[in-house]
Amino acid sequence: MGIDDKFDNAKDEKLGQAKEAVGKATDDQGLEAEGKGDQMGANLKQAGEKIKDAFKG
């Protein structure tokens with residue numbers, strides 16, 4: 001996994017957490033759900049990168 005990929009995945013996860021928190025604070029269920037989706041996407045990308053690394057190693 002490249003350092004750029006790790007950084008992008010971590011950034012996407014943190015942005016998702018922020019969206020979720022703002023959604024909860026403002027009672028905006030759409031924004032909260034979007035934040036959770038962003039986090040899930042980042043986690044899936046990270047898992048995919050780990051699988052790639054396992055086959056390269």
Side-chain angles (χ1 to χ4, degrees):
M1 182 185 303
I3 191 74
D4 292 336
D5 293 330
K6 287 181 182 180
F7 179 75
D8 286 342
N9 292 337
K11 178 189 63 139
D12 290 345
E13 186 175 0
K14 292 298 179 187
L15 287 173
Q17 289 172 350
K19 281 184 185 178
E20 182 181 1
V22 170
K24 283 182 182 179
T26 60
D27 199 27
D28 184 342
Q29 294 178 351
L31 186 59
E32 185 177 347
E34 185 178 335
K36 287 180 182 180
D38 289 351
Q39 290 175 67
M40 191 179 318
N43 289 334
L44 287 173
K45 284 188 229 176
Q46 188 170 354
E49 290 296 327
K50 287 181 180 180
I51 289 170
K52 285 183 200 176
D53 287 346
F55 283 105
K56 285 181 185 178

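Note: hydrogens, waters and symmetry copies are ignored here, and every other heavy atom, side chains too, is used.
Cluster partners of Phe7 are absent, since no Ile, Leu, Val, Met, Phe, Trp or Tyr has side-chain heavy atoms less than 4.5 Å from it. Side-chain contacts under 4.5 Å among hydrophobic residues (ILVMFWY), followed directly or transitively, place Leu15 with no other residue at all.
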Donor-acceptor pairs under 3.5 Å, side chain of residues 33-42 to any protein atom, not counting sequence neighbours: which ones?
| from | atom 1 | to | atom 2 | distance (Å) |
| --- | --- | --- | --- | --- |
| Glu34 | OE2 | Lys19 | NZ | 2.7 |
| Asp38 | OD2 | Lys19 | NZ | 2.8 |
| Gln39 | NE2 | Gly16 | O | 3.4 |
| Gln39 | NE2 | Glu20 | OE1 | 2.7 |
| Gln39 | NE2 | Gly35 | O | 3.4 |

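With sequence neighbours left out, Asp28 forms a side-chain contact (heavy atoms from CB on, under 4.5 Å) with Thr26, Leu31.
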Practice task
I would like to know whether Gln46 and Glu49 meet side-chain contact (heavy atoms from CB on, under 4.5 Å); could you show each step before the answer?
Solution key: CA-CA 5 Å; Gln46 188 170 354; Glu49 290 296 327; 5.7 Å; no
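Between atom NZ of residue Lys45 and atom CG of residue Asp12 there is a gap of 4.5 Å, rounded to the nearest 0.5 Å.
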